[in-house]
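In what follows, a single structure is set out as C-alpha cells and then discussed.
Nothing here was measured: the structure is a model prediction, and the numbers come from that model. Both backbone and side-chain heavy atoms feed into the values below; hydrogens, waters and symmetry mates do not.
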Amino acid sequence: MQDPFNRQNDPNNDDQDPLSNLPLPPNYAKVVNPENGQIRAAKVGVSWTTLWFGPIPALMRGDWYNFALMIVLDMIYFMGVSMLGLQITMPIPAIIFGLIYNLMYFRHLFTLGYQPADDRSKELLTMWKYW
C-alpha cells in the first residue's frame, strides 16, 4: 500500500511525529508529552461515542482512570435505580459522560505532563477551556 502522504520521499521526514502529516479535523487537538515523546490526538467537545457506547471509548484510548470511574459510577447508578424500584431506562450517567468525557480525558493527560503540540491545538484547547 502506498503512503498517501508521500512521507518516504520527504527529506525532512525523521518519523519523530507520526501525526505531523495527518490532516486532523478542525475540532481535534494534538498533545505531546515532552518527557517521553508520546503524542495523542483527540476530539474536543461532545463525545458521541461515549454517549452511545459508554466506557468503551475510554478503554480503547487506554484511559484506565476514566474507564474505571465510568464503570463504578454506572454500577452505583444502576444499583440505586434497581434498589428504589424505579423504571428509568434512560442512562443518565451516559448522557453526562458523553458531554464531559473529552474534557476529562484532556485534563487527565495534562496531569500526566502532556502539553499542546502546536499553536492550533493550544488555541482550540484554550477556546474550549480545556487548557
Closest non-hydrogen atom pair between [X] and [Y], with its separation:
X      : Y     : value
Ala29  : Val44 : CB-CG2, 3.8 Å
Gly113 : Pro34 : O-CD, 3.4 Å
Met70  : Ala58 : CE-CB, 3.8 Å
Ile95  : Leu51 : CA-CD1, 3.7 Å
Pro93  : Asp74 : CB-OD1, 3.1 Å

Point to revise | Nonpolar side-chain network containing Tyr65, other nodes, edges under 4.5 Å | key: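 Tyr65 shares its hydrophobic cluster with no other residue.
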Point to revise | Whichever hydrophobic residues join Met83 through chains of side-chain contacts under 4.5 Å | key: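 Its cluster mates, by chain and number: none.
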Check your understanding: How would you list, by chain and number, every residue that makes a ring pair (Phe, Tyr, Trp, His ring centres under 6.0 Å) with Tyr77, sequence neighbours excluded?
Key ->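 Result, ring pair (Phe, Tyr, Trp, His ring centres under 6.0 Å) vs Tyr77: none returned.
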Single-linkage hydrophobic cluster, 4.5 Å side-chain cutoff, [X] and [Y] together:
X      : Y      : value
Trp64  : Phe110 : no
Ile71  : Phe78  : no
Trp128 : Tyr114 : yes
Leu59  : Met75  : yes
Leu84  : Met79  : no

Review point. Which distance, rounded to the nearest 0.5 Å, do you find between the CG of Leu124 and the CG of Leu24?
Key: 10.5 Å
Review point. Say you draw a straight line from CG of Leu112 to CG of Asn36; how long is it, rounded to the nearest 0.5 Å?
Key: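 That separation rounds to 9.5 Å.
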Practice item. Identify, with sequence neighbours excluded, every residue that meets side-chain hydrogen bond (donor to acceptor under 3.5 Å, both in side chains) alongside Gln115. Key: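 For Gln115, no residue satisfies side-chain hydrogen bond (donor to acceptor under 3.5 Å, both in side chains) once neighbours in sequence are set aside.
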**Study point:** Those residues that, when tested against Asp118, pass side-chain hydrogen bond (donor to acceptor under 3.5 Å, both in side chains) (two or more places apart)
**Key:**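 side-chain hydrogen bond (donor to acceptor under 3.5 Å, both in side chains) list for Asp118, sorted by chain: Ser121.
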Could you pull out all donor-acceptor pairs under 3.5 Å where a side-chain atom in residues 98-108 meets a protein atom, sequence neighbours excluded?
unit_1	atom_1	unit_2	atom_2	d
Tyr101	OH	Asp63	OD2	2.9
Asn102	OD1	Arg61	NH1	3.4
Asn102	OD1	Arg61	NH2	3.3
Asn102	ND2	Lys43	O	3.4
Asn102	ND2	Gly45	O	3.0
Tyr105	OH	Arg40	NH1	3.2
Arg107	NE	Tyr130	O	3.2
Arg107	NH2	Lys129	O	2.8

**Study point:** Heavy-atom side-chain proximity of Leu73 to Phe97 below 4.5 angstrom
**Key:**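 Counting from C-beta outward, Leu73 and Phe97 do come under 4.5 Å.
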